[in-house]
Structures are given as structure tokens and as C-alpha cells.
Amino acid sequence: MSSREEQAVLRNEPNVTAETVAEHGLSEAEYRIILNLLGREPNLTELGIFSVMWSEHCSYKSSKIWLKTLPTEAAWVICGPGENAGVVDIGEGLAAIFKMESHNHPSFIEPYQGAATGVGGILRDVFTMGARPIANLNALRFGAPEDAKTRHLVAGVVAGIGGYGNCVGVPTVGGEVNFHAAYNGNILVNAMTVGLAEADKIFYSAAAGIGNPVVYVGSKTGRDGIHGATMASAEFDDDSEEKRPTVQVGDPFTEKLLIEACLELMATDAIVAIQDMGAAGLTCSSVEMADKGGVGIDLDIDAVPQREDGMTPYEVMLSESQERMLMVLRPGSEGTARAIFEKWQLDFAIVGRITETGRFTGRLDGEVVFDIPVRPLVEESPEYDRPWTAVEAPAELAPITAPMPHLEALQTLLGCPDLASRRWIWEQYDHMVMADTARRPGGDAALVRIHGSGRGLAIATDCTPRYCRAEPRRGGAQAVAEVWRNLTATGARPLAITDCLNFGNPERPEIMGQFVGCIQGMGEACAALDFPVVSGNVSLYNETNGQAILPTPAIGGIGLLDDLRRAADLALAAADEVLILIGGDDDGAGGHLGQSLYLRELLGREDGPPPAVDLAAERQNGDFVRGLIADGTVRTCHDLADGGLLVAAAEMALAGGIGAALDGPEGAGWWFGEDQGRYLLAAPPAVGEDILARAKAEGIAASAIGRTGGDALTLNGGAPISLATLRQAHEGWLPAYMSGP
């Protein structure tokens, strides 16, 4: 075919109008770049390719200049951001591979499939690098419980996560769930997967080898999910329900077959490069592989397995049908690969070749239907330094008068939506499949055994969005520090984090200011705690009719335990042990109640500054506590977070079925303030004296605040509240809510 003939074919589609460009989420300026890049008008398929590749979801055009400021390196980091998932060395020839990603908009529109395909997508990000997935987690944010849609969304999302994860055979071991009216029109569903691989057998996505075959494996391509990446890059309005066709449909049983087939092929020498088909499907996987390898790819669209008749090139290239992978194979290995995938009853098709042209081309019936230079498609994607305004620091709180006795307040807090037991949720997840889950959900971090060894990984997710709204920089630092503390409280050595950065419309300076502040705080915490970012995801435009969510930089972290037998647990283990508070110097005043759950749930206020984050003290206190756990001195430990000291003590008592008598100042700030960098330990009296002496010698704030025993909690010798009463409040709210009308 001559160049002139190719151009004729390329133009053989309806003219691209200004309205068509806008419908594809591209600005006039961005379209002008496309015209200059191609030297001609694009056809509709090419416009669709640019649309998804330059979407916020795929290109990070509003965030990448800030993401580049995050610490990403450490001696144990094998692969940082830029691949499908992050990779860290965990010793003994093994690597942990992990990532967190969002599926927010699809889950709001169709909660079951949106959440299910979010799980499937993050699993593929991990096993595409050669890892067997060993754990799933999720970080969920829903609207106010009284909102008309919240109960429906909770039920659908939880069922979708359980339905996919349980069927695919990977345990769901932890996560977090919060409620706030800011999420009424835009919930958050962030999914995280951790896998294990041999450290010297990691698979990457850079295509190589001119003439090498490009192979499609997995499920057939359908019309589901078209424009999913574009939808994820736009805010919602009253017509968001009309976007239901852009939600993908998942099949966990096919995903299980795909995992096994890919891992089997990875045991051979057949694979040059591999990439899952996630957002933007065949388009994004092809372009990313070609760009990273500095090569071109020529696709035969007729060869793509399709489950629907009459699909156009536009539909094939933009479909986000699930359970699909793209590979570049070594010449001569096609037969071996085909046999493996046919054995697992999966589609296998050679759909293209690697070329030296540096162009991304596709043919239908032998005729060129799109032709785009790869490197400019990637490198010329927009990069915006959005204007931003710093969030004004909130005024300090005046002294708080307690509205009720502290133990009555404790009962109220333990039964509030943000602190009530999540048992109703995690009992719907299979958290024991694979038989390596070392601790059921409900602790500071999930613990998963490294198969065949006595070592383990601690895994946690966390974020406190109300802090991020009040002071983004402090909130971003706190989110990282909280995950670091979650891992430390089990005795694990924190290694690295993944993130899922959920914000509103970045074109609004106040929203961009939230994003910038959170990134700055995260970077400071990662550097101070030696806790690098190795993977992640940005989800912007999370708002409906101009109402943004709370800024929510969800953090997922992993840590290493050299001996699971020494792992600490939050449950009180025996009577007559001393309770020791590590960290903090609160004098009992109300100054640390700003943005606390106490303030919100009991006084209906969401004001004041969030607690300070002293990263030097955080590091010192955490290293001290981890040392106590490692040498066997401490087996009971809980980090302090939402609800403060009294809530932490109650959670320990409820987990162990043992009460405690607590002593301290009368002020609500002491008992409910959410000061950072603190832990509550339990130990026999003689051991407790040793801990206090060691803390004093190292300049660490530590104090004995009570003794364990009985079946109730008391404060300063006052009237007790039984654990049975607290348990009823704590365990009762979510089941009662979900059984409502």
C-alpha cells in the first residue's frame, strides 16, 4: 500500500468535529497538539487512542510534576514507579511486588462489577511482573450512612470484592472503611494486592526484538468498558448513571486460569515483555510496551479474539474487557505458549509484530486504520503545572468542655460509623485461603506468612482525610506515618509504600492546593522514615456537581517480620499486666482534639488543626517499640490513632476479653486527643519497669497508665463500664445498619 493510499484509508471515517473532540475529553489546545504531531487530522480511532492515552487516568498530566518529588529509592528497592507494580527485596532470594489502584467511578455507577473489576485489575498488575498474589486489601470510603444510596453502595462493593477475591483464591486480609457526607456522590474503592516472586525473575513491560510476535492471551474482547479511562478522568453530574456501559464486567474464574497460565509460561524462557490490559485496554498496553522498548508495534485487528460481531477498530482498541494480557514472545516459542494457554482454556492469538518504525499501527483487512508515532504519543502528552492555592491553616481550638462522662463518650465512639467493628464486612471475605494468613483482619496490620518459612509480611492501608482537608501537608505526612506505625506495632520493619491519591478537580486551585500539600507532606514523611514510594495511582475529578470528596491520599505499606512467632498483637493477653503509653506529652488540655472523632461525633464539629506530626519523634518511638518486640520484651502493642488513648485501650480489651483500670488526667484531650507517634503496650510489672527505664535512658516519653484485669474498664477508680456493654456498641452498629430498609 502506498503512503497516499494509507492516508485515504485513515480518513475513511466520519469527520472529527469540535463536538467529537470535546466528547473525548480533549481540550482545543490538546487537539492542536495532535494535529501538529500527525501533520493531518486524526480519524475517529486515532482520536480515541489519543483520548485515552492523554486522559488524566493514563497520563497523570496534572500530577506528574509533583509525583516526581517523592522519594522512590532505597537499597532494598528493586523497581520503583513506572512499571505495573513496585518491587522490593525481602531477602532469601525473594521479592515482594505490590500496588494500590482506584476503581472509584465504576464502583459508584455499578458497585458490584466496579469493585470486582478493581480487584481483578490490581491482581493483574502484580502477577504480570511474575509474582503469585498472596494478599488483597482495600480502602473504602462511603457517603454518610443516612444518604439514600450509601447502604446500597456498601452492600454492592463488599459483595463485589468478596465475590471476585473469594473465587480467584487470593485472601482478602485487611483494609479500612470510612463514612463521610463528602463521599455521597463519589465513593472511593481503592484495591491493593501483594505478591511474591523470585528476585531474579521479575518480568517487565519493555518490548524488544524486531519481528518478535505480539501475543494476546486471556478473555475475548467485547464492548464493555469502552471509554473507562476517560470516564475516570471526569467529574460526575446528574447524568452519571448514563455511564453504566463504560463499567467493565469481570470473571474471577477466568482470572484464576490466567494467573496459572501466565506463571507457568513465566517458568520458561519464552517471554520478552508482558503487560496487562487495564485502563485503555489494548491501546495502553501496546503503546506502553512499545514506548519503553523504543520500538514500534503493528497490530492485526482481525486477529484479536472478539466475543461480539461487527466490532469496529475503535471499539477493539478502546475496550476495557477484563482478564486480558499482551506479551512479546521470543521467536520459536509460540507453540509452547499456545499449548499452555489452550491447556488452561484461554484464548491465544498472535496479533502483531514488533517493528523498527517507532510507530503504532493497526490494520483491518490488510488496510491501515490508524498510524501514530509512539514516542510523540507518549512524550507530547500534556503536562500541566496547575495553579494552586495553599489551604489556610485552621484556627486553634478553645478549651473543650466534655459533653458527657468519658466512659459514656467511649461507648458512643466505639459504636460510631468510623470506629464500629468491620466484622460484618471481613467475614464476607475469604481471608484464610492459601493457608498463609497469620492473623485474621482487625489488627493494626495484616500478617501473611512467606510460604514455607517462618518469616512474614505485615501489610496495612491508612489515611485520615479529615486531617488532609484541614492541613494537607500535615495530613499527607500523617497518612504515611500512620501506616509506618501500623506495621511497626506488629514488630515488622517497614519497607515501602504504594499510594492511591484521590482528589477532586485539579483545575480548581483550592483542590490542586490540597494535592500539592499532601504530596509535600508525604515526601517529608517518606524521607524521614526511610519508607519510599514504589508504586501508586492518581485518581482526580472525584466530585459531583462541583462538590469534591475529602482529599484522600490512601497509603498502603508493607513490612518484613523475620520471625512471625515474635509478632506483637493488640489483644490483651493476661491480667495484672501494666499498660505503658509510649510517646506524647499531653497535659490533659483540649488542644489536641482538633479534627478528632471525639469532636465530630460528640459535638458535631469538624474544626481546629489536626495533630502535629513530629517525624523525628515518630521514628524514635517506632524504632524503640520495634526493638522491644524483636527482642521478645513485648508481645502486646497497639498504635494510637482515631479516638485516641481510651479508644485504643478499649480495642485492646475487647480483642483480648480482659478489662483494665486506667489512670490519668481528667481532661478529654488526654483520653481522646489523637496525638501522633504513640503506642500502648502491655507487659508484666517487672518487664514494664524495665521498659520505662529503657525509655528514659533513650529520651523517649513513656508512662504507666493502668493495669489489666477483670471484665470492665474503669477510669481513675470511677464507676466501671463492662466489656459486654462496649462490645454490644462496637459490634452492633454495622450489622444493624446493613439490615435496615
Side-chain angles (χ1 to χ4, degrees), residues 402 404-415 419 421 443-444 489 568-590 592-593 597-598 602 625 628 633-675 678-693 695-696 701-731:
M404 62 184 71
H406 292 335
L407 291 181
E408 184 180 338
L410 172 65
Q411 181 179 351
T412 300
L413 284 174
L414 287 177
L419 287 176
S421 169
D444 289 315
D569 187 40
L570 64 82
L572 296 180
D576 200 33
E577 291 195 332
V578 62
L579 289 169
I580 297 174
L581 176 65
I582 300 294
D585 58 357
D586 199 312
D587 61 4
H592 299 280
L593 287 169
L597 286 182
Y598 181 90
L602 301 183
V625 167
L628 294 175
T633 301
V634 167
R635 297 298 301 274
T636 305
C637 176
H638 189 21
D639 84 297
L640 272 62
D642 286 348
L645 173 58
L646 192 52
V647 165
E651 289 172 341
M652 296 172 77
L654 290 173
I658 297 171
L662 304 170
D663 296 290
E666 293 293 339
W670 170 263
W671 296 110
F672 298 105
E674 296 177 5
D675 305 62
R678 299 187 298 166
Y679 303 82
L680 192 56
L681 315 178
V687 176
E689 291 179 7
D690 177 59
I691 292 170
L692 292 171
K696 183 177 181 179
S703 57
I705 65 159
R707 289 284 181 109
T708 65
D711 59 2
L713 290 183
T714 62
L715 292 185
N716 297 323
I721 187 168
S722 71
L723 296 188
T725 298
L726 293 177
R727 191 179 306 280
Q728 183 177 13
H730 187 54
E731 296 280 355

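Just the heavy atoms: all of them, side chains too, but no hydrogens, waters or symmetry mates, feed the values below.
- Sorted by first then second residue, the salt bridge (Lys or Arg N to Asp or Glu O under 4.0 Å) pairs that include residues 712-722, not counting sequence neighbours, number zero.
- Considering only residues two or more places apart in sequence or on other chains, Asp663 meets the side-chain hydrogen bond (donor to acceptor under 3.5 Å, both in side chains) condition with none of them.
- For Ala712, the side chain to side chain contact (heavy atoms under 4.5 Å, CB included) partners at least two apart in sequence or on another chain are Pro720.
- Judged as a side chain to side chain contact (heavy atoms under 4.5 Å, CB included), and not counting sequence neighbours, the contacts of Leu692 are Ile580, Ala702, Ala704.
- When the side-chain hydrogen bond (donor to acceptor under 3.5 Å, both in side chains) test is applied to Ser722, the partners found at least two apart in sequence or on another chain are Thr725.
- Applying the salt bridge (Lys or Arg N to Asp or Glu O under 4.0 Å) rule to Glu731 yields the partners Arg423; only residues at least two apart in sequence or on another chain are considered.
- Applying the side chain to side chain contact (heavy atoms under 4.5 Å, CB included) test to Ala409 and every residue at least two apart in sequence or in another chain returns Met404, Tyr598, Leu602, Phe672.
- Evaluation of the salt bridge (Lys or Arg N to Asp or Glu O under 4.0 Å) test over residues 645-661, restricted to residues two or more places apart or in two chains, returns none.
- In terms of the salt bridge (Lys or Arg N to Asp or Glu O under 4.0 Å) criterion, residue partners of Glu674 (sequence neighbours excluded) are, by chain and number, Arg466.
- Each of Leu726, Leu715, Leu419 was checked for a side-chain contact (heavy atoms from CB on, under 4.5 Å) with Leu410, and the lone residue meeting it is Leu726.
- For Ala729, the side chain to side chain contact (heavy atoms under 4.5 Å, CB included) partners at least two apart in sequence or on another chain are Gln411.
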All N/O donor-acceptor pairs, side-chain side in residues 682-690, below 3.5 Å, sequence neighbours left out:
none

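- The salt bridge (Lys or Arg N to Asp or Glu O under 4.0 Å) pairs that include a residue from residues 703-726 are Asp576-Arg707, where partners are two or more places apart or lie in different chains.
- Exactly one of Thr636, Leu628, Val578, Leu581 qualifies for a side-chain contact (heavy atoms from CB on, under 4.5 Å) with Leu681. That residue is Leu628.
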